[in-house]
Amino acid sequence: MASARATKIDRLAGLAVRSPDDQDPDGAGPDSGLSLAASAWRRLRRNPVFIVGAVVIGLFLILAVLAPLIAPHDPGLRLLEDQVSRARNEIPPAQPGHPMGGDQFGRDFFSRMLLGSQQTLMVAVLATVIGLGGGLVLGTLAGAFGGWVDTLVMRIVDVMLSIPSLLLAVSIGALFSQQTQFTVILAVAIVQIPIFARLLRGTMLGVRESDHVLAARALGVKGRSIVFRHILPNSLGPVIVQSTLVLAIAILDAAALSFLGLGAADDATPEWGQMLGNAQDFFDSQPHLAIWPAACIVVVALGFTLVGESMREALDPRQRR
Amino acid sequence: MSEPAERGDALLTVDDLKMHFPIKRGVVLDRTVGYVYAVDGVSLEVRRGETYGLVGESGCGKTTLGRGILKLVEPTAGRVVFDGTDLSGLRGEPLRRMRRRMQMVFQDPLSSLDPRQSVESLLVEGMRAHDLDKGKESTAKRLRELLTAVGLPSTALRKYPHEFSGGQRQRIGIARALALEPDLIVADEPVSALDVSVQAQVINLLEDLQAEFGLTYLVIAHDLAVVRHISDRIGVMYLGALVEETDSDSLYAEPLHPYTKALLSAIPVPDPLVEDEREQILLTGDLPSPANPPSGCRFHTRCPWRQETRCDTERPQLREINAGHRVACHWAEDIAAGRIARHEVRPVYEPPDADVIPDVPLIGPASMTEVMDHH
Amino acid sequence: MGMALLEVRDLAVSFRRKGEEPTAAVDGISFDVHPGQTVGLVGESGCGKSVTSLAIMGLLPQRGNQVTGSVRFEGTELLGLSQKAMDERRGRDLGMVFQDPLSSLNPVIPVGLQVAEVLQRHRGRSRKEAMAESAELLDRVGIPDPTRRIDEYPHQLSGGMRQRALIAIALACRPRLLIADEPTTALDVTIQAQILKLLSEMVTGTDTALIMITHDLGVVAGLCDEVNVMYGGRIVERAKRHELFAEPRHPYTAGLLASIPRLDAPRGEKLVPIRGSVADNIPWTHACAFAPRCPNALDRCVEVTPELVDDRGGMLRCHNPVEPALRAGAEEVRA
């Protein structure tokens, strides 16, 4: 009799816990056995903001990968040079084989747009990775040791932060005698290092004071283990979110550097920012040369921003139930 | 005042422990403008196998004292001797090794468990730090034992802290401490973050574990009813110092210090008959700032038995009045004998504290109020 | 007793979240409060006691909440009253004291002015009159040296002083009903004793009624005339204070009393905990929500919802209540 009641209670309790949209095959609770990251991912998957952002980024990624295959022409070849007339501001119009016409040198504009996605995404990702890496090292040093290490690192970071980021990037770019795509990446990355470092250090200092870190100390866990198992993993959330936002910023910064003429001198490999910069002379007569790259930059940046924002939301521990 | 503790069975001896934290001010260069006297000369002794309860209101320094004893916060002065080893000089690896034997249970079971670790990894971590995980099978067996001991199902191992209720989380916290087979467990407000109906489960669990594993407890709490239930002996703290120490029964039956009397009379008892009958000793005013403690007896500003002489000027030391009953009050005997009458206390106006924010490594919520807030 | 000051009938509050079933925080509760009476709402976190008070005060956010039932104050229905009309009532007829006095006070306005503003708004006092009365009020709630404190900001006051200031604000217009939601939970016991004394002084001898919301049975024992014990959004037991503590009828009430360590109990007795936790609740539909944790549970308890019925002068929602005779027997065995 008693066990029958127990089963009944279990059944009723199950009713209370399970909501209709949770159809876990194993019938456990909605978040059962899920790590923090896994349950954040669950929430992320359902967020339309994330889906839109991810689709945008995904499309551009596919485009970038397939660009060499799809592009009808070599972006460096001046195939339509005969149709260019500098004097009359004439540029090859759309025509069979060249759906978007040519640029001011008679190169196939469509192919350049396609291959530009490769360069642009590469700049963004590399700059972010380098910036993140540098920021992690500095931030961890400051956050884990505290004391004079912290003071030293943070003063350097403060100095870097006090210079407007674009100005800093321009100065760094100008340090190199020869501008290449790599100098652009480096310039953009270095600008991001202090931002990452500061963010990580701040979060780490907060986490370092938290009860579970105190608990680990009380347990006699070794210092290194406390930093790398407890403090760092629990501090990465904001940094990860920031890095998606930095991806967007990096694209814009790189575009700005190219626009200012600090990009690769050789423009055989196209890059959207550079294309945008080159198009400025023709903006009155041929606005599409500027609008296309600008629109692509904005959309990709927006995609990264949407993903970043939705990740920030998903990683918020208050969202966990 | 350090009596030679030759009882022989003391597991922990705290001798004149002081924990002062500088208050720093200044934009460019930090200047020390004063100190917060969080713990200001505490001596006590915890005997092997007993439960010592440390009780006091927020701001009395009980949490800081607990952390100082475990050397999680470095004391300013004084000695902590654990099983014959002076912890004062202990640093680095020897201190870390020593931690195996003295463990801690925290107030807020959720914040003291790393949200990213599964229960298994939480439990194994301490064992690994002290080379107690000797092979997969013995560790697995040990984990099962631990879970059984604290009353959790073995399926708990692969779950994460957020999937448990408050009471279950506290069981995980207790299992984590037990995993190292400690001699001493310092439990800081072990039940105050839990629902009333669940508190009793955890209190009973702590008692059962003590009987089973021969543990020694130092229980720190603000709730005197809980402390009295669980403890053999109790120390009452006020503003960084012990004011009274005795066994649980005589503390309730014959409190000698005026503060203890007031504290006991303030605790509501869930019985209207008792509530209607009893005489409350209402204290006026608030706890003075530990950055600027009153001269003489720390309690004299609020004491309804304060006398013209001695109280304001001379700091009373703990002295043994009855066997095992220590009190820090100049007039304890006279109050007990009724030779001194209670009088009105006029609340004094304290000018607003100029935002005393001590530069204190008070990690986590240091008081009850903070924890209740996010409830 | 004459007409009730406050009549709550079938009050239910459910939270709606996008894409989820609405959850009932309060699941149909009814009670009366008479002038001058002190009524307790007791229960653990999640039992719906605070939501009840917010619903009565009309302080629940409009979005995402569905409030049904009826709350009549001196015969006037409060639910469905416009925001403006409700603002008018609050402060004048209904006062409220919250758990956290710091977040309930405006941090950038001196406390004296905060009290005065209420007087200006609801009683039409001039600024000068209001400030003078504000000082009087602060004095009445036991804030020493009120003429100086009046210019201080909330963060400059201690927790106990802040709670006093909040009580002064709530009482400024002599409301007919004061709701105190865990007013002492954030405070130390010695300060709690001061505040409880103040609250009871403020209501005894006047016809101001008090609803005391707390999880602490000890607080209830000293203060309330009538006690409602809540569980899972419903009232499970109602009784006069002495009856409730002498002869708890609901297994939940009895369980709570047995599980708290009492300061005056002989030592060495084991506590008798209630098994499980609130997470084990089951829905009230066709069952008793407490059944999974109940030592008295019968088969009936998971088949039929118990109703709140008259029981020895109080009300009780239980199929298998605790028999006083048995309890007395248990007491003897203990002794």
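Throughout, protein chains are lettered first and strands after them, A, B, ... in sequence-line order, and every chain is numbered starting at 1.
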For this session: Quick one: do H229(B) and R262(C) satisfy side chain to side chain contact (heavy atoms under 4.5 Å, CB included)? Show the steps, please.
Result: CA-CA 8 Å; H229(B) 178 88; R262(C) 274 178 64 159; over 6 Å; no
For this session: Just do the salt bridge (Lys or Arg N to Asp or Glu O under 4.0 Å) check on D264(C) and R278(B) with the steps written out, would you?
Result: CA-CA 12 Å; D264(C) 57 345; R278(B) 79 199 177 131; over 6 Å; no
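Interface remark: S265(B) contributes no atoms to any contact with chain C (heavy atom separation under 4.5 Å). When heavy atoms are compared at a cutoff of 4.5 Å, L263(B) approaches chain C by way of both its backbone and its side chain. Proximity to chain B (any heavy atom under 4.5 Å) is shown, for V219(C), by both the backbone and the side chain. Looking at I260(C), the atoms closer than 4.5 Å to chain B (heavy atoms on both sides) all sit in the side chain, from C-beta outward. Neither the backbone nor the side chain of D247(B) comes within contact range of chain C, judged by heavy atoms closer than 4.5 Å. Looking at V274(B), only its side chain comes within 4.5 Å of chain C, counting heavy atoms on both sides. Heavy-atom distances place both the backbone and the side chain of L264(B) under 4.5 Å from chain C. For Q199(B), no part lies near chain C; criterion is any non-hydrogen pair under 4.5 Å.
Salt-bridge check for R241(C) with D276(B): passed, with a basic side-chain N closer than 4.0 Å to an acidic carboxylate O.
Your options are G159(C), S103(C), A193(C), and the one with the most heavy-atom pairs under 4.5 Å with chain B is A193(C). Interface check for chain C: of the options I230(B), L224(B), V198(B), V269(B), the most heavy-atom pairs under 4.5 Å are formed by V269(B).
Taking each heavy atom of N204(B) and L271(C) in turn, the nearest pair found is ND2-O, 2.9 Å. Closest approach of F245(C) to P270(B), counting heavy atoms only: CD2-O, 3.2 Å. Nearest heavy-atom pair, A221(C) versus D271(B), reported as atom, atom and distance to 0.1 Å: CB-N, 3.5 Å. Closest approach of G222(C) to E275(B), counting heavy atoms only: CA-OE1, 3.6 Å.
One N or O on the side chain of E57(B) and one on the backbone of T190(C) form a donor-acceptor pair closer than 3.5 Å. Of the possible polar contacts, one joining the Q194(C) side chain to the L283(B) backbone as a donor-acceptor pair under 3.5 Å is found. In this structure, D188(C) contributes its side chain and S58(B) its backbone to a donor-acceptor pair below 3.5 Å. Not a single donor-acceptor pair under 3.5 Å links the side chain of R228(B) to the backbone N or O of P261(C).
How far CZ of R293(C) is from OG of S197(B): 4.0 Å, rounded to the nearest 0.5 Å. Distance check, rounded to the nearest 0.5 Å: OG of S259(C) to CD of Q201(B) gives 9.0 Å.
A heavy-atom distance below 4.5 Å is found between the side chains of D216(C) and P268(B). Two residues are said to be in side-chain contact when any heavy atoms from C-beta on lie closer than 4.5 Å; H222(B) and V189(C) fail this criterion.
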